[in-house]
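All remarks here apply to the structure that follows.
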Amino acid sequence: MSSQTAQLLDGKALAQRIQEELAQQIQTLQAQNQRLPGLAVLMVGDNPASAAYVRNKERACQKVGIASFGRQFPTETTQAEVEQAIQALNQDDRVDGILVQLPLPDHLDSVALLNQIDPSKDVDGLHPVNMGRLVRGEPGLRSCTPAGVMRLLQEYQIDPKGKHAVVIGRSILVGKPQALLLLEADATVTIAHSKTQNLAAIASSADILIAAIGRPGLITADMVKPGATVIDVGINRITDYEGKSYLVGDVEFEAVRQVAEFITPVPGGIGPMTVAMLLSNTVQSYHQRRS
Ligand code: GUN
């Protein structure tokens, strides 16, 4: 065990800096009377966590000067209605980015809806064309959370090259694209998931450990190699015995910070980076669609 506690990877501060840079770029466009970048976040239903994420994204857009074209649909909205909304946004030249907030209510087919998004406006990087580009190592729009993890590692000069990176979680939103981005950065990558045997042994061989499962306290100190970098993507709301609610990650933060060299806090780690990457992807898409 190392004698010092881990250094915090401050996603909140970096996200703020990225947003300030984007705001400056957008101010320049404004001064030149150019059209401003636009983002549409679509949400269906009233999942409170999703509603909070969507509010965050819209607030961040407003702060940097990105125009919002978001829409909220009631839970009972049909597949055809959401498809029509996506088609309209695909045609709308003021809109550079379209994001369908997940998860969707059970009666909707999210894969079919994501497939409807124009790949040049797919700022979430979840369309098969952008996923395919990622698999092939070609430039394209990258999923926001995994891109945020890579940007934060870069900021602290943590180079994945040649390191063993273990990604716990295999979701389309985080685990899979995260593993591919780490591979692109020359890491040796292992993907673990809920059916993995000997998770502790695999996790504790990681130089870079990424937890993206959504289970509070999954990663304990004995699962972490001394000196490792621990990235906590989990955002779980828990309620204590007094009825107070908190956000926690997948990592037992206080114990693991005694073992790791670098660690992300929750909140203030990867969450804000996801939003910053979404805005950055929207501005990237804006420039690409104009060129
Ligand atoms: N739900 C939670 N995080 C995300 C995200 O980054 N994108 C989308 N589309 N849905 C989410």
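Every number for a ligand or one of its atoms is a count from 1 in the order of the listing.
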*asked:* For the residue pair T188 / H164, report whether a side-chain donor-acceptor contact shorter than 3.5 Å exists.
replied: no

*Could you tell me whether R94 and D92 make a salt bridge, using a distance below 4.0 angstrom between a side-chain N and a carboxylate O?*
yes

*For S291 and Q288, test the side chains for any donor-to-acceptor distance below 3.5 angstrom and give the result as yes or no.*
no

*Answer yes or no: is there an ion pair linking D207 with K225, defined by an N-O contact shorter than 4.0 Å?*
yes

*Best match, L126, N47, D124: closest heavy atom to atom 6 (O) of ligand 1*: D124

*Is there a donor in the side chain of T239 and an acceptor in the side chain of S245, or the other way round, less than 3.5 Å apart?*
no

*Quick one: does C144 get an N or O within less than 3.5 Å of an N or O on ligand 1?*
no

*With atom 11 (C) of ligand 1 as the reference point, say which of M43, M277, Q101 has the nearest heavy atom.*
Q101

*Report the nearest protein non-hydrogen atom to atom 1 (N) of ligand 1: residue, atom name, distance rounded to 0.1 Å.*
L102 O, 2.8 Å

*Counting each atom of ligand 1 from 1 as listed, which ones have a heavy atom of L99 under 4.0 Å away?*
9 (N)

*Who's the nearest protein heavy-atom neighbour of atom 3 (N) of ligand 1, and how far?*
L173 CD2, 3.8 Å

*Would you say V100 has any N or O atom under 3.5 Å from an N or O of ligand 1, going by distance alone?*
yes

*Using only heavy-atom distances, determine whether the side chains of Q116 and Q87 contain a donor-acceptor pair under 3.5 Å.*
yes

